[in-house]
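Below is one structure, written out as structure tokens; the observations come after it.
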Amino acid sequence: MSEESSENERQRKLEKLQELGIEPYNGPYPVTHRAPLIQAGFSELEGQSVAVAGRLVAIRVHGKAAFAHLDDGEGRIQLYLRADTLAETYTTFTDLLDIGDIIGCHGTVFKTRTGEVTISVQKFKLLTKSLRELPEKWHGLKDVELRYRQRYLDFIANSKARQNIHLRIRMIALVRRFLEDRDFLEVETPILQPIYGGAMARPFVTHHHALNLPLYLRIAPELYLKRMTVGGFNRVYEIGRNFRNEGISSTHNPEFTALEVYQAYADYRDMMQLTEELIAFLAQQIFDSYRVSMAGTEINLEPPWERLSLQQVFRMHAGIEIESLQDLAFARNYLGQNSIRVEKKLSWGTAVDEILKKWIEPELKGPVFLYDYPTVLSPLAKNKPGDPDWVERFQPILAGIELGNAFSELADPREQRIRFQRQHQEKEKGDEEAHPMDEDFVTALEYGMPPTGGLGIGLDRLIMLFAQEESLREIITFPTLRPKAL
RNA sequence: GGGCCGUUAGCUCAGCAUGGUAGAGCAUCUGCCUUUUAAGCAGAGGGUCGCAGGUUCGAGUCCUGCACGGCUCACCA
């Protein structure tokens, strides 16, 4: 087989290297410079000696001289190797090293006649022998299954894949900086929870042996973060993984990274401001502009963002009064006319939700805050003053995508208990995503939670939009896949 | 979970409508080559065509099932 013969070829070279007394897995190596710095600082570095280390990604042998490209993780730099400088080690390089091998080398910086900044190698050291052939140099690794399964190959072969992860890391660091600057404390709350909550979703279930207890992987940290505001932590946030046992799609992964923020003595209007300022800050830091190209259109993220109540948006985009959907016969008729399929049991809440998600939101370029939601859809949000049917809740929409969810938190333990009981009834009726009763949380509210604004943002989706990708998997370091059957 | 599409050399892809001994480029190997950059020139090796059945004298190609993946619908952020 070809793979075998190629591996044997590399195996043969590895054995030959050992015969020559060259250790094929070596290290460390004292690196003095990184590729982008050598290129940027050429005028100062010309003629100077530098030491670099990285993976050989291209080799061009021209008889008694050779060129190679080294990828050091930050960039690529060309190497120039000559038989007269390197003596007998020159043939070691040309005969026994391969694309994919990791080496360290030092030499002087110069420019070739074509103007490329290059290191004229004085000495090199093999650090790691690669036993498998890398993906093709020109087309890279295209096969999406291989790209996600062997993500390390994707990162080696496709610079956009690497850039996406760098962007992700940078954005998350910037979110932390933004919140630290506003005196929010980053906290850690349980991922393993005896009662899951804070969202409507099916959980993953696991089991603790010593306690002989079923535990759920959190679907959201919400109820614990609110317990912290009860405990006197007035500005908290958490960035972490949530787990939802739902389908996988270009905008859903079973584990995803969410930001949740809680600010005591604030409400959802403050959270709107926090949201637009946060995302505008990210755009400024990353693109140096409020105008950002997302999903094929330019979006202006400069605050303040448009704010549309559900009443307004239903009038504008659906041409109906939202309350008219409380008449289920009308709702059924309307959904049918617009060929919106509803698999769940039709109710006032599901009708609103379906029209919003399938009909209205995809049309909204944004950025826009949709606000004031029906209470039935929001078991943890606070009612609008004097109006039990509506809650103070909003969702930020960007390029037709729901980026998150926020509300004035429900602090009244009596009302919270009733909402839980209603959810519990839905669960009894077979709604697997209904919120379970959490007595301990209600108890916490009975001790008193300050008025609080809460915000959740799906960071993966935000990163996806900033990365100009159309699938979450492109910005998730290791996307969830079914293991290959043997 | 449903529908549609895909799976051929290490990688990127042809070949399949009309069945007849498996192709190209890159990579690899051999030879030549001291400023190339998808280096070049000459030659060579490399395949249970995703897996299992079926139809057929004959299947990469047609049919069925399965696996994995992508898109999409459904659910959710």
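Residue numbers start from 1 in every chain, and the chains themselves are labelled A, B, ... in the order their sequence lines are given, proteins ahead of strands. Computed from a prediction, not measured in an experiment: that's the story for all the values here. Below, each value reflects all heavy atoms present in this structure, side chains not excepted, and no hydrogens, waters or symmetry copies.
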Distance between [atom1] atoms of [N] and [M] (Å, rounded):
N     : M     : atom1 : answer
B:A24 : B:G47 : C1'   : 14 Å
B:U30 : B:U21 : C1'   : 28 Å
B:G65 : B:G6  : P     : 16 Å
B:G50 : B:G45 : P     : 24 Å
B:U18 : B:G2  : C1'   : 34 Å
B:G60 : B:U7  : P     : 15 Å
B:U48 : B:G43 : C1'   : 29 Å
B:A17 : B:C62 : C1'   : 11 Å

Listed nucleotide nearest any side-chain atom of [X], set [options]:
X        : options             : answer
A:Glu9   : B:C11, B:C75, B:C29 : B:C29
A:Tyr80  : B:U36, B:U35, B:U28 : B:U35
A:Phe67  : B:C26, B:C29, B:U36 : B:U36
A:Thr112 : B:C75, B:C68, B:U36 : B:U36
A:Ser250 : B:U35, B:G6, B:U72  : B:U72
A:Ile99  : B:C26, B:G6, B:A27  : B:A27

Closer than 4.0 angstrom, basic N to acidic O: yes or no for [X] and [Y]?
X        : Y        : result
A:Asp143 : A:Arg147 : no
A:Asp72  : A:Arg55  : no
A:Glu74  : A:Arg34  : yes
A:Arg482 : A:Glu145 : no

Taking the ring centre of each residue, are [X] and [Y] less than 6.0 Å apart?
X        : Y        : answer
A:Phe93  : A:Phe124 : yes
A:Phe184 : A:Tyr262 : no
A:Phe394 : A:Tyr371 : no
A:Phe281 : A:Phe178 : yes

Item checked: Syn/anti state of B:A17 by chi, 90° boundary around 0 ->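 Nucleotide B:A17 adopts syn.
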Note to self: Quick check with a 6.0 Å cut-off and a 45 degree axis cone: is A:Arg151 positioned over the face of A:Phe478's six-membered ring?
What the structure shows: no
Assign [X] to base, sugar-phosphate, or nothing according to its heavy-atom contacts below 4.0 angstrom with the strands shown.
X        : value
A:Gly458 : nothing
A:Gly140 : sugar-phosphate
A:Arg147 : nothing
A:Ile401 : nothing
A:Leu134 : nothing
A:Glu246 : base
A:Phe110 : base
A:Arg149 : sugar-phosphate
A:Asn253 : base

What integer distance in Å separates [X]:[atom1] from [N]:[atom2]?
X        : N     : atom1 : atom2 : result
A:Leu131 : B:U28 : CG    : C1'   : 14 Å
A:Leu146 : B:A9  : CG    : P     : 11 Å
A:His62  : B:G40 : NE2   : C1'   : 8 Å
A:Glu133 : B:C26 : CD    : P     : 13 Å
A:Lys142 : B:U8  : NZ    : P     : 14 Å
A:Asp95  : B:U30 : CG    : C1'   : 11 Å
A:Gln150 : B:C11 : CD    : C1'   : 12 Å
A:Asp143 : B:G70 : CG    : C1'   : 10 Å

OP1 or OP2 of [N] versus the side-chain N and O atoms of [X]: is any pair under 4.0 Å?
X        : N     : answer
A:Lys358 : B:C75 : yes
A:Arg482 : B:C68 : yes
A:Arg60  : B:U36 : no
A:Lys13  : B:C29 : yes
A:Lys137 : B:A27 : yes
A:Arg132 : B:A27 : no

Next item on the list: Starting from the 5' end of RNA chain B, give me the residue, A:Ile59 or A:Gly404, whose nearest nucleotide shows up first.
Entry: A:Ile59
Next item on the list: Take A:Phe256 and A:Arg113, find for each the nucleotide of RNA chain B with the closest heavy atom, and name the residue whose nucleotide sits nearer the 5' end.
Entry: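 With A:Phe256 and A:Arg113 compared, the 5'-side residue is A:Arg113.
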Under 3.5 Å on both distances, the Watson-Crick or G-U partner of [N]:
N     : result
B:U21 : none
B:U35 : none
B:C62 : B:G54
B:A67 : B:U7

Notebook entry, point to check: Any donor-acceptor pair under 3.5 Å joining the side chain of A:Gln78 to the base of B:U36?
Noted result: yes
